[in-house]
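Okay, structure first, notes after.
This is a predicted model, so every value here is computed, not measured. Numbers restart at 1 for each chain; the letters A, B, ... are given by sequence-line order, proteins then strands.
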Amino acid sequence: MEEIHDKMPMDEYLESFNPPQREAVEFCDGPSLVIAGAGSGKTRVLTYKIAHLINQHDLEPWSILALTFTNKAAGEMKERIAKIVGENMARTIWMGTFHSIFLRILRIEHEHISFSQNFTIYDTADSKSLVKAIVKEMELDEKTYKPSSVLDTISRCKNQLVTAEEYASNPANVQSDARRNMPALAQIFQRYSNRCRQSDAMDFDDILLYTFLLFDKCPDVRERWASRFKYILVDEYQDTNFSQHQIVWQLSKDHQKVCVVGDDAQSIYSFRGANIDNILSFQDRYKGCKLFKLEQNYRSTQNIVQAANSLIEKNRKQIQKKVFSENDKGEKLHVIDTHSDIEESNVVINNIKRIKKAEGCEYRDFAILYRTNAQSRVFEDSLRKEALPYRIYGGLSFYQRKEIKDIIAYFRLTVNPNDEEAFRRIINYPARGIGQTTVNKIATQANLNGTSLWNVICFPEQYGLSISKSTLGKIVQFQEMMSKFSEEASTKSALDLAKDILHNSGILNDIYKDATPEDLSRQENVEELVNGIQEFCESRTEEGNEHIYLIDYLSEVSLMSDVDSDNGDDDNKITLMTIHSAKGLEFDTVFVVGLEEGLFPSQMVSGNPREMEEERRLFYVAITRAKTHCFITYAQSRFRYGQMEFSSPSRFITDIDPQFIDRKQTLYSSLNTRNDDVSLPWAKKRTSSFTSPRPFTPFQPEPLRRPASSMPISSSNGLSSSSSSYGIPASSAPTASQSAPSNPSRNGISAGSTVLHDRFGRGTVLKVEGQGDNTKARIKFDNSGEKILLLKFAKLRLIN
DNA sequence: ATATCAACCCTTTTT
DNA sequence: GGGTTGATAT
């Protein structure tokens, strides 16, 4: 059954492209590099190029390999291609993330790398827990060998295609480890690799490493896949790491039919091993490579594009290009100074309401983007209070919740009994009286005999496991139950087996025994998981697969992130996410929040110019998500690590050419300008007692610590409050009298006073009542609503 | 073997 | 501030 679109003449859609876009689509004879500026229609070009390959070059869809950055991007592109070439054609294209595509290939070729077909994928938590166990076993100091930093080293190596053996045999590594005071790193690395093998498990990096090794060690296998894929496309090439770069080469070096697309200005994943040099040096590796530059931005207003250009110009290392827009000039970017994280969130929300009312747009047109997930909380609180619909991406993803991980662990152990991390997770969940001591004994015997924990409990006597009769009984019971599940793994459908496991393992009993609010939420999650499995099975069935087993489901979810599982268009909500996860997305109105030194750019990168440039690119990505309105906000104070912290505006704000910016300042910020600092009597004393001093840089005036006690300040610096329609309404309050307070407990605060609060910002006192310690003020804050505060505790300062 | 409480780290970003 | 981990008591 052919789709109507199949018959659409190629010329017709080619006409809708600008010249470089069209050339990029049509050039299919050799290697090409497409530098695609933000919003330049990159995805459209890729989509039509694939359609073009099928329609005009008669390539079989299954001979096209298209690698994307996220599963979601792959899914969306597939849908769009299906609209052009038809569902049946689109379905067989090899399209997905590096990890999902090569996982598929590794499962097919598992014998060549000595893994079983059902090997497990360890997520980061599993990897950490394994490292921790190894460090403990080796009796190393757990403070020096933190799982995160150990794993960081291991990951870096694998991304560079360095195996544990190679690492250990290179004296340079051993020496540098000694210098880092971590001489056992090489040994931990080796143990880690062995244990993963023992468990028949791979971590994320292993998927790429073993793919490379497979192609490297088995030339016939490489040739088979290299000749199968007649054309290779890679999206977001600026975010590939060395191993990915090498795998692309392994598959494309014979025919050189490869097209990579990316934007060096949007390279933001070097922390994950991404190497911007891959894209910068692409032309050197592929001789005769054609270069196409997509420089017209169709997404954003001229002001947004030019502001972003002026920002990214401050970076040195980049491919020359001039991104331009022929859209409306648009309004300037709004930079809004706020007093606290709370005020920042209120300013954002007020603007959302205002714009929505003025333009009649939808909630889904708004996005709040931040540097770190922790920043979402304040916005979440405010949005909930205002009853506005929102969706937070990232943070604790669905699959990272305890109850879900427990269930997945059962699935994993069912499919692969050697999976050590899954084993440890569920051996005593639900509680069945097998405690830490017993598990340690099992683990010791497993290590001693070089086998898996599972094998030890299958043959306890053989492996010399000395435990009490009653404990042994419990272990045997567990072993028999899991064996039964395992036997069904290759016969029962994923959904049936999953339900079976939930019932017979005692998980359902455990989760449904109480009805506290937390229990209810766990129950909901479990139901959602079951629904997810059902949906997965149904969609696979629709695609024509006959049998869907648990391993198929596991393979899919182990590489799934929160952004991927987004059900997208049907929910009309304000989007909250990190800038990283916003890559590739666009919104009518974007709020980039938390533009403060130490937060964005992160304090982690200070003193490292290369990483500082990456932070700047991150900001570039954030701004270029906006189509019409772009707001940049910062807060002078915010809660971090349970403490109030004060910071100055990010240096990135001054990187943007001021002609594209409309700056709004609150009165409070004027009090806190650099020149005023020294004139304030308490400034010096407080700064010296600042608990975590940051390195001083020319961009960064020394942080100002505000007094903890309420201290009335009569300001006479003649600053007028700024009035604006951007969430900082003009003061309608009458000026307070300068006369001495009649009641000392009131510190001069009376109805009509304008006051400042550390967290709520500026407000007008409506009423003061009560006596002595019990004196309360009802205050209407400009951006935080009305509050009644005890003057004894409230950190208020009077301003006139 | 489990429950409770203190101590600790944390916050960069994710396939 | 909060979530997780480890020590201690029951």
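Remark: the backbone N or O of A/Asp123 is paired with a side-chain donor or acceptor of A/Ser127 at under 3.5 angstrom.
Paired regions of DNA chain C, where each region holds three or more successive Watson-Crick or G-U pairs whose two hydrogen-bonding distances fall under 3.5 Å, are B:1-9 with C:2-10.
Across all strands shown, A/Ser100 has no heavy atoms under 4.0 Å from either base or sugar-phosphate atoms. A/Gln375 comes within 4.0 angstrom of nothing in the nucleic acid, heavy atoms only.
For A/Ala431 and A/Val605, each mapped to the nucleotide of DNA chain B holding its nearest heavy atom, the one lying further toward the 5' end belongs to A/Ala431.
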Evaluation steps, ring-ring contact (aromatic ring centres under 6.0 Å, His included), between A/Phe379 and A/Tyr390: CA-CA 10 Å; A/Phe379 291 96; A/Tyr390 63 92; over 10 Å; no

Residues A/Ser129, A/Arg425; criterion side-chain hydrogen bond (donor to acceptor under 3.5 Å, both in side chains); working and verdict: CA-CA 10 Å; A/Ser129 140; A/Arg425 196 170 182 97; over 6 Å; no

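Side chains of A/Arg651 and A/Met612 form a contact here, defined as non-hydrogen atoms less than 4.5 Å apart.
Ring orientation note: the planes of A/Phe115 and A/Phe119 are nearly perpendicular, at an angle over 60° on the 30°/60° scale.
Of the charged side-chain nitrogens involved, at least one lies within less than 4.0 Å of a carboxylate oxygen, so that A/Arg617 and A/Glu614 count as a salt-bridged pair.
Cation-pi check for A/Arg616 over A/Tyr620 is not met; the charged atom does not lie both under 6.0 angstrom from the ring centroid and within 45 degrees of its normal. A cation-pi contact, defined as under 6.0 Å to the ring centre and within 45° of the axis, links A/Lys402 to A/Tyr429.
Among B/dT11, B/dA1, B/dT15, the nucleotide with an atom closest to any side-chain atom of A/His99 is B/dT15. The side chain of A/Tyr269 lies closest to B/dT14, out of B/dT14, B/dC10, B/dT11.
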Protein-to-nucleotide contact annotation, 5' to 3' order, nucleotides 1-6 of chain C [B base; S sugar-phosphate only; - none; under 4.0 Å, heavy atom]: B---SS

